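Heads up, the thing below is written out as structure tokens.
Quick note on labels: first sequence line is chain A, next is B, and so on, each numbered from 1. Note that this is a predicted model, so its numbers are computed, not measured. Every heavy atom of this structure was used, including side-chain atoms; hydrogens, water molecules and symmetry mates were not.
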Amino acid sequence: DGGITQSPKYLFRKEGQNVTLSCEQNLNHDAMYWYRQDPGQGLRLIYYSQIVNDFQKGDIAEGYSVSREKKESFPLTVTSAQKNPTAFYLCASSRGDRGGGPDTQYFGPGTRLTVL
Amino acid sequence: AQSVTQLDSHVSVSEGTPVLLRCNYSSSYSPSLFWYVQHPNKGLQLLLKYTSAATLVKGINGFEAEFKKSETSFHLTKPSAHMSDAAEYFCVVSDTGSQKLVFGTGTRLLVSP
């Protein structure tokens with residue numbers, strides 16, 4: 001089956017620890033995205049990558065880091081510098097910029113991170 | 001800069017009655033508009049999208065939306081609600097040429113028997 005997988009589904013972290021969230025896609029998409037969702041708010045963009053070995057900050061990148069070493073993988077690290085990391089994290093992918101406007105973004109099932 | 005306003009945080013309907021979820025947008029350029037649905041603790045699923053073709057867009061599960069430029073609106077409708085429609089719905093805007101999406105704060109649809 002083609003799709004986007006995120007692991008783990010639930011993650012608990014102690015304050016002061018870094019943690020890495022996994023996102024893998026087998027859709028052969030060029031672009032990948034990380035969003036954060038908080039209760040009563042829409043999704044906010046953390047980082048995005050339009051091609052391997054390249055990524056850009058989104059609207060709320062502080063306290064997060066990413067890498068894009070492979071086309072199918074876009075892991076997100078939540079660092080200890082992120083002051084309020086408890087949230088639902090969603091990964092998405094799309095075909096990428098083909099000059100015709102935004103592609104449809106397809107979303108993974110999400111990871112719920114709780115800081116204890 | 002583009003933005004989107006979902007006018008209702010919650011909408012309650014009875015099964016079998018029409019659904020209307022309201023969305024107004026602000027965009028400097030020709031926008032692309034989307035509606036996504038999210039069931040509890042799940043990812044988002046695309047319902048439909050508008051990209052400057054027909055103004056009435058049909059989506060999955062019987063939903064449709066009409067792009068009205070004069071009113072800067074993109075309301076989501078369905079003639080008859082099912083219990084399985086209970087979820088959170090997000091209106092999303094993106095400017096043409098941009099891969100970045102801007103999300104509304106969501107409308108929770110409640111469907112009673």
Side-chain angles (χ1 to χ4, degrees), chain A residues 3-11 23 25 29-51 54-61 87-114, chain B residues 1-10 21 23-53 57 59-60 65 67 74 87-108:
Chain A
I4 303 173
T5 57
Q6 291 186 242
S7 61
K9 187 174 176 66
Y10 298 95
L11 188 56
C23 178
Q25 53 97 0
H29 285 171
D30 287 323
M32 296 186 74
Y33 311 80
W34 273 106
Y35 293 90
R36 171 183 172 133
Q37 186 178 24
D38 294 284
Q41 299 190 36
L43 277 65
R44 293 181 289 166
L45 183 64
I46 303 172
Y47 269 97
Y48 64 105
S49 167
Q50 293 184 308
I51 198 168
D54 187 44
F55 48 83
Q56 288 80 41
K57 293 181 179 180
D59 300 320
I60 55 165
F88 191 49
Y89 290 87
L90 288 156
C91 177
S93 71
S94 70
R95 290 183 309 152
D97 185 1
R98 305 290 171 88
D103 289 321
T104 299
Q105 290 188 18
Y106 296 88
F107 285 80
T111 292
R112 186 166 297 282
L113 173 64
T114 303
Chain B
Q2 66 266 42
S3 66
V4 63
T5 301
Q6 292 184 244
L7 298 161
D8 306 293
S9 59
H10 293 80
L21 305 183
C23 173
N24 286 99
Y25 70 90
S26 172
S27 176
S28 302
Y29 307 102
S30 297
S32 293
L33 292 155
F34 307 77
W35 276 98
Y36 281 87
V37 61
Q38 183 181 34
H39 288 90
N41 293 310
K42 301 288 188 185
L44 277 69
Q45 180 184 19
L46 180 72
L47 281 176
L48 50 83
K49 71 176 181 180
Y50 165 78
T51 55
S52 75
V57 183
I60 63 171
F67 173 72
F74 191 58
E88 185 115 25
Y89 292 79
F90 291 96
C91 183
V92 183
V93 66
S94 180
D95 282 335
T96 299
S98 170
Q99 293 297 322
K100 294 181 68 174
L101 303 181
V102 176
F103 285 76
T105 53
T107 297
R108 183 165 298 280

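Rounding to the nearest 0.5 Å places CZ of F88(A) at 6.0 Å from CG of N41(B). Note: K100(B) NZ to L45(A) CG = 6.0 Å, rounded to the nearest 0.5 Å. Atoms OG1 and CG, from T104(A) and L101(B) in turn, are 9.5 Å apart once rounded to the nearest 0.5 Å. Y35(A) OH to F103(B) CZ: the interatomic distance, rounded to the nearest 0.5 Å, is 4.5 Å.
With a 4.5 angstrom heavy-atom cutoff, L90(A) touches chain B only via side-chain atoms. Contacts between L44(B) and chain A at a heavy-atom distance below 4.5 Å involve backbone atoms as well as side-chain atoms.
For L7(B), the CG atom sits in a packed shell: over 12 heavy atoms of surrounding residues, nucleotides or ligands are nearer than 6.0 Å.
When the candidates E88(B), Q45(B), Q38(B), R108(B) are compared by the number of heavy-atom contacts under 4.5 Å with chain A, Q38(B) comes out ahead. Contact count versus chain B (heavy atoms, under 4.5 Å) is highest, among Q41(A), R44(A), Q105(A), R112(A), for Q105(A).
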